Amino acid sequence: MKISIGTNIKEGPWGGGNLFAVNLKKYLEKNGHTVVHNLLDDDIDLILITEPRKTSESSAFTHIDVKRYLSYINNKALVVHRVNECDERKGTKYVNKYLINANQVADQTIFVSNWLKDLFLKHGINKKNNDVIFAGADKEIFNHVDLLSWDGKSKLKFVTHHWGANWNKGFESYIWLDNLISSKKWKDRLSFSYIGNIPDDVSFKNVNLISPTSGKNLANEIKKNHIYITGSLNEPSGNHHIEAAQCGLPILYINSGGIHEYCNGFGLSYENIDEIEEKIENIVENYTKLFSSMKEYPFDSDKMCNDYLLLFTKMLKNKDEYLSKRDIYLDNNFFYTFIFKTIRKIKKKFKN
């Protein structure tokens, strides 16, 4: 099977969407399938839309490009739209509407959490063929190897990491924890490291700031700590806490967005920042039990990628049924077909 993943893959730290494409491509190719990141081939079996916004650096093609491909080149290709973003996450006012419009070209929609699926259903996204596939990180990198349990005597080390520096990534919680460490009760009992980018107007007092990193370097930095904290608001899924959980760190997480679906049973949740201190006391008392539970953490990239492969295989097996339910208008105008094919020939020439 030939799959086109709509992501311009970036090297180094670049956020969860990029890691998703990296892991899925590696898994599909390992299982004998061909992966491309454009619409230049005439024989694509399945197109995966990951970022339809043309303004995004990670976008390899938009839903408009996909519709043109279906109209003028190959109307038998099936289309999956992976939704992992929303207005609620960063306080924008255009993302939901744009994604719902882009979704009209999709034969199948995948959400990264039930919270996100319910959100878009309320906003009016097409209800047909909607499913949830949970995200996961590469277990060859993010695992328990060389992780040491807290000894109960030294400082309890907290850590978090984010590529994006938007305020909703949890900075209210991180500032609160930073201030808590200044208190007489906790200054000799806690430490906090932040890996990644921070807003320009945030200045920590007690936080060990570490530049953005990725892969094994990131995993090694995470494993130097005992507890992971995420205060990210309205997070559709998030990769950061998954990576930490796979490394074996119990998660202290705010009950917001889809994070609860990934962290429930693998740490402690809080509703607002005033509860953080109480939760830390609970962690101190029950760390051994919390640490032990992380061995059962179920989400990793192999499971995620296998779920996608099973879906793709099922879709191709039932292609006629999917095509019969397709309700988008595909233009087959001779003039536009000629223009589109000419442009593709030029692109192919420069690619080669």
Side-chain angles (χ1 to χ4, degrees), residues 1-9 17 20-21 24-54 56 58-84 98-111 125-126 128-131 133 304-349 351-352:
M1 146 184 6
K2 181 178 286 187
I3 304 105
S4 181
I5 301 176
T7 305
N8 286 321
I9 290 178
F20 163 78
L24 183 58
K25 178 178 183 177
K26 182 170 71 172
Y27 187 89
L28 291 172
E29 291 180 338
K30 182 180 178 181
N31 283 274
H33 303 285
T34 301
V35 176
V36 296
H37 296 277
N38 54 60
L39 301 175
L40 297 179
D41 295 340
D42 296 353
D43 58 345
I44 296 171
D45 295 301
L46 191 141
I47 300 168
L48 177 60
I49 300 174
T50 56
E51 176 50 274
R53 291 172 293 177
K54 192 174 183 179
S56 172
S58 68
S59 178
F61 48 77
T62 71
H63 59 294
I64 298 171
D65 298 321
V66 172
K67 187 174 181 180
R68 288 171 178 165
Y69 180 84
L70 297 177
S71 293
Y72 308 131
I73 304 301
N74 177 11
N75 63 8
K76 301 299 183 183
L78 295 177
V79 181
V80 178
H81 181 196
R82 180 181 188 256
V83 181
N84 69 330
Y98 189 91
L99 293 180
I100 290 172
N101 181 57
N103 185 256
Q104 295 177 32
V105 75
D107 300 302
Q108 172 77 49
T109 306
I110 295 299
F111 297 95
I125 201 168
N126 196 323
K128 72 173 184 179
N129 299 331
N130 289 330
D131 290 298
I133 294 180
M304 173 191 74
C305 293
N306 186 59
D307 287 344
Y308 273 93
L309 181 53
L310 290 173
L311 171 67
F312 295 165
T313 303
K314 183 196 78 170
M315 290 181 68
L316 289 178
K317 183 178 179 181
N318 298 284
K319 176 183 281 192
D320 291 342
E321 181 181 352
Y322 273 94
L323 293 177
S324 69
K325 294 179 180 179
R326 186 177 276 172
D327 56 6
I328 60 170
Y329 170 73
L330 298 180
D331 184 16
N332 58 2
N333 180 280
F334 174 80
F335 175 74
Y336 289 119
T337 301
F338 174 77
I339 294 296
F340 187 73
K341 287 185 175 181
T342 301
I343 293 173
R344 289 177 82 247
K345 286 181 180 179
I346 296 172
K347 288 183 177 179
K348 282 184 177 181
K349 183 178 180 181
K351 180 189 175 187
N352 296 330

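Predicted, not measured: the structure shown is a model, and the values here were computed from it.
- In this structure, Asp45 and His33 have side chains that are not in contact, with every pair of non-hydrogen atoms separated by 4.5 Å or more.
- Nearest heavy-atom pair, Ala77 versus Leu70, reported as atom, atom and distance to 0.1 Å: O-CD2, 3.5 Å.
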Legend entry - Worked verdict on Tyr69 versus Ile44 for side-chain contact (heavy atoms from CB on, under 4.5 Å): CA-CA 10 Å; Tyr69 180 84; Ile44 296 171; 3.5 Å; yes
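- Note that the CD1 atom of Ile328 and the OG atom of Ser71 stand 7.0 Å from one another [nearest 0.5 Å].
- For the atom pair Leu48 CG and Ile110 CD1, the distance stands at 9.0 Å (nearest 0.5 Å).
- The side-chain heavy atoms of Lys314 and Leu310, taken from C-beta on, include no pair separated by under 4.5 Å.
- Residues Leu309 and Met1 have side chains in contact (heavy-atom distance under 4.5 Å, counting atoms from C-beta outward).
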Inset, instruction - Under the side-chain contact (heavy atoms from CB on, under 4.5 Å) rule, what do Asp42 and Asn74 come out as? Steps first, then yes or no, please. - result: CA-CA 6 Å; Asp42 296 353; Asn74 177 11; 5.9 Å; no
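- With values rounded to the nearest 0.5 angstrom, Leu40 atom CG is found 10.5 Å from Phe61 atom CZ.
- Heavy atoms only, all atoms of each residue included: Asp65 and Thr62 are closest at OD2-N, 2.9 Å.
- Between Ser59 and Asn8, the shortest heavy-atom contact is O-ND2, 2.9 Å.
- Pairing each heavy atom of Tyr322 with each of Asn129, the nearest pair is CE2-ND2, 3.6 Å.
- Between the NZ atom in Lys25 and the OG1 atom in Thr34 there is a gap of 11.0 Å [rounded to 0.5 Å].
- Using a 4.5 Å cut-off on side-chain heavy atoms (C-beta onward), Ile133 and Met304 make contact.
- With values rounded to the nearest 0.5 angstrom, Ile125 atom CD1 is found 9.5 Å from Gln104 atom CD.
- Lys76 NZ to Leu323 CG: the interatomic distance, rounded to the nearest 0.5 Å, is 5.5 Å.
- Scored by the side-chain hydrogen bond (donor to acceptor under 3.5 Å, both in side chains) test, Ser56 finds Ser58 as partners (sequence neighbours excluded).
- Residues Tyr308 and Ile3 form no side-chain contact, since every pair of their non-hydrogen atoms from C-beta on lies 4.5 Å or further apart.
- Within 6.0 Å of the NZ atom in Lys54, the count of heavy atoms belonging to other residues, nucleotides or ligands does not exceed 12.
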Legend entry - Stepwise side-chain contact (heavy atoms from CB on, under 4.5 Å) test for Val105 and Ile49: CA-CA 10 Å; Val105 75; Ile49 300 174; 3.6 Å; yes
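- Side chains of Leu39 and Ile47 form a contact here, defined as non-hydrogen atoms less than 4.5 Å apart.
- Asp107 and Lys325 are not joined by a salt bridge, as no carboxylate oxygen comes within less than 4.0 angstrom of a charged side-chain nitrogen.
- Across all their heavy atoms, Leu24 and Cys305 have their closest contact at CA-SG, 3.5 Å.
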Inset, instruction - Give the C-alpha distance, both sets of side-chain angles, the deciding distance and a yes or no for side-chain contact (heavy atoms from CB on, under 4.5 Å) between His63 and Asn101. - result: CA-CA 9 Å; His63 59 294; Asn101 181 57; 3.7 Å; yes
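- Just one of Thr50, Thr109, Asn103 meets the side-chain hydrogen bond (donor to acceptor under 3.5 Å, both in side chains) condition when paired with His81; it is Asn103.
- A cation-pi arrangement is absent between Arg53 and Tyr98 under the rule of less than 6.0 angstrom and at most 45 degrees off the ring axis.
- Here the shortest heavy-atom pairing between Leu78 and Arg326 reads CA-NH2, 3.9 Å.
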